[in-house]
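Just so it is clear, the structure is predicted and the values come from calculations on it, not from any experiment.
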Amino acid sequence: MQEKIKKIQKEIEAFSAKSLEELDNFRIKYLSKKGLLTGLFDDFKTVAQEERKEIGKLLNELKNSAQEKINDLKKKFEDLQHSGKSDADLTLPANFIETGSRHPLSITRSGIVEIFSRIGFTVSEGPEIEDDWHNFSALNFAEEHPARDMQDTFFIQKSPDIALRTHTSSVQVRVMETEKPPIRKIFPGRVYRNEAISSRAHCFFHQVEGLYIDKDVSFADLRQVLLYFAKEMFGEETKIRLRPSYFPFTEPSAEMDILCFLCGGKGCPFCKHTGWVEILGCGMVDPQVLENCKIDSKVYSGYAFGMGIERITNLKYRVKDIRLFSENDIRFLKQFGSVI
Ligand code: DAH
């Protein structure tokens, strides 16, 4: 108890108020019915006989110094009011106001949106709580596809299935159902997967999806737009490659890599000695998906792509642990001062 009293004594001595309001808060904190000192006097009842004298004295001193502090500061404020002037030195520099900085993921997202907006893409968003149709069925995910498994997806309700969306591809469906081609859009947003949290995976992360639907859209259009994006994002000298891949909603499908900018393609630990770093998934929208959304696949074709914002941010800033993005540690966040 002695320790506690000494600690509070120090706090009281160090206290100073800039306004009467602050002073009143101080009074409430220490001297009101529910204040700290009242609590200590309550505790005092349980103090052993041989300690009572000593602790009682300390407690009284504490109370007196709190009251004195209040009286002194009150007088100071009153004097100031009477004299009509403040004792502040107006020639001193103003207090520095911290303005904060943008979150690294927001910086990357704005960067991506800005790059695509320069070539005519506009932004749409969809809900994070999705039904089975928009997240899976309309995108050709077969009934037994592993992504539908409880292990990968956070379900809110079963039959009819409602889940946290596992990707932003669901927004493709929502937009195609409601808008008429030509469609040239990107969809940034948060997605959820039931994964064990580690430095490389989290149960939520962020994606940007792209969708382009028009007459006579070809794979060459897709490649050129992605090359433009990669150069704008990672620098003019960036090289890309498209690897055949599989997604249920695109045919053909591909994954895009960029040439590792650390080793220039020679192979290093960063690119796992392959010379290439994976950036995104993409492909030509499967005609069946167009039909699912009531778009005539004999007239229209299109491409889609999807990338992880965390991944792009990691590549740009070499962040090694994805958990840093959601821990709100100021020491990490304030390193990203710039605003895009
Ligand atoms: N939705 C995929 C995922 O989360 C990424 C993706 C791949 C999006 C190919 C696309 C695409 O639009 O065409 O893994």
Next on the checklist: Checking Asn292 against Val173 for the side chain to side chain contact (heavy atoms under 4.5 Å, CB included) test, could you report, in this order, the C-alpha distance in whole Å, the side-chain angles of both residues, the deciding distance, and whether it holds?
Outcome noted: CA-CA 8 Å; Asn292 290 346; Val173 180; over 6 Å; no
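- Under the 4.5 Å side-chain heavy-atom criterion for ILVMFWY residues, no single connected hydrophobic cluster contains both Met176 and Leu222.
- Using modelled atom types, one finds a donor on one side chain and an acceptor on the other under 3.5 Å when comparing Asp132 with Ser137.
- The CG atom of Leu242 sits 9.5 Å away from the CG atom of Leu227 when rounded to the nearest 0.5 Å.
- Using a 3.5 Å distance cut-off with no hydrogens or angles, the side chains of Tyr30 and Glu11 do pair a donor with an acceptor.
- Phe155 carries Lys158 over the face of its six-membered ring, with the cationic atom under 6.0 Å from the centre and within 45° of the normal.
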Item to check | Test log, rule side chain to side chain contact (heavy atoms under 4.5 Å, CB included), inputs Ile183 and Tyr212 | outcome: CA-CA 5 Å; Ile183 296 168; Tyr212 184 68; over 6 Å; no
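- A donor and an acceptor atom, one from each side chain of Gln9 and Glu61, are nowhere located under 3.5 Å apart.
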Next on the checklist: Checking Ile70 against Phe26 for the side chain to side chain contact (heavy atoms under 4.5 Å, CB included) test, could you report, in this order, the C-alpha distance in whole Å, the side-chain angles of both residues, the deciding distance, and whether it holds?
Outcome noted: CA-CA 8 Å; Ile70 291 174; Phe26 172 83; 3.7 Å; yes
Next on the checklist: Determine whether Asp257 and Arg243 satisfy the following criterion, side chain to side chain contact (heavy atoms under 4.5 Å, CB included), listing intermediate values before the conclusion.
Outcome noted: CA-CA 8 Å; Asp257 302 333; Arg243 260 180 307 114; 2.8 Å; yes
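- His103 places no side-chain N or O within donor-acceptor distance of the main-chain N or O of Leu333, the cut-off being under 3.5 Å.
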Next on the checklist: The test is ring pair (Phe, Tyr, Trp, His ring centres under 6.0 Å); show your working for Tyr303 and Phe219 and say whether it passes.
Outcome noted: CA-CA 7 Å; Tyr303 60 74; Phe219 199 87; 8.9 Å; no
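- A donor-acceptor pair is defined here as one N or O able to donate and one able to accept, closer than 3.5 Å; no such pair exists between the side chain of Arg200 and the backbone of Lys320.
- To the nearest 0.5 angstrom, Tyr228 atom OH is 14.0 Å from Ile240 atom CD1.
- Under a 3.5 Å cut-off, the side chain of Lys316 and the backbone N or O of Met233 do form a donor-acceptor pair.
- Geometrically, Arg193 does not engage Phe204 in a cation-pi contact, judged by NZ or CZ lying under 6.0 Å from the ring centre and within 45° of the ring axis.
- Not one N or O on the side chain of Ser245 forms a donor-acceptor pair closer than 3.5 Å with the backbone of Ser253.
- Residues Phe187 and Phe205 fall into different hydrophobic clusters, defined by Ile, Leu, Val, Met, Phe, Trp and Tyr side chains chained together at heavy-atom separations under 4.5 Å.
- A donor-acceptor pair under 3.5 Å links the side-chain atoms of Thr178 to the main chain of Arg174, judged by distance alone.
- To the nearest 0.5 Å, atom NZ of residue Lys231 and atom CD of residue Glu236 are 4.5 Å apart.
- Under the 3.5 Å distance criterion, with hydrogens and angles disregarded, no donor-acceptor pair is assigned to the side chains of Thr313 and Arg109.
- A donor-acceptor contact closer than 3.5 angstrom links the side chains of Ser124 and Lys185.
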Next on the checklist: ring pair (Phe, Tyr, Trp, His ring centres under 6.0 Å) for Phe305 and Phe116? Distances and angles first, verdict last.
Outcome noted: CA-CA 12 Å; Phe305 54 86; Phe116 281 104; 5.1 Å; yes
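- Of the possible polar contacts, none joining the Glu130 side chain to the Ala163 backbone as a donor-acceptor pair under 3.5 Å is found.
- Put simply, the side chain of Glu22 never gets that close to the backbone of Asn25: no donor and acceptor are under 3.5 Å apart.
- Counting only heavy atoms from C-beta outward, the side chains of Asn135 and His167 approach each other to under 4.5 Å.
- Side-chain contact annotation: Glu195 with His202, donor-acceptor N/O pair under 3.5 Å absent.
- In this model, a donor atom of one side chain and an acceptor atom of the other lie less than 3.5 Å apart for Trp133 and Glu177.
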Item to check | Trace of the salt bridge (charged side-chain N to carboxylate O under 4.0 Å, His left out) decision for Lys7 with Glu3 | outcome: CA-CA 6 Å; Lys7 196 173 143 254; Glu3 284 304 303; over 6 Å; no
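- Nearest heavy-atom pair, Ala254 versus Phe247, reported as atom, atom and distance to 0.1 Å: O-CE1, 3.7 Å.
- Leu105 and Leu280 end up in the same hydrophobic cluster when Ile, Leu, Val, Met, Phe, Trp and Tyr side chains are linked at under 4.5 Å.
- Other residues, nucleotides and ligands contribute over 12 non-hydrogen atoms within 6.0 Å of the CD atom of Gln2.
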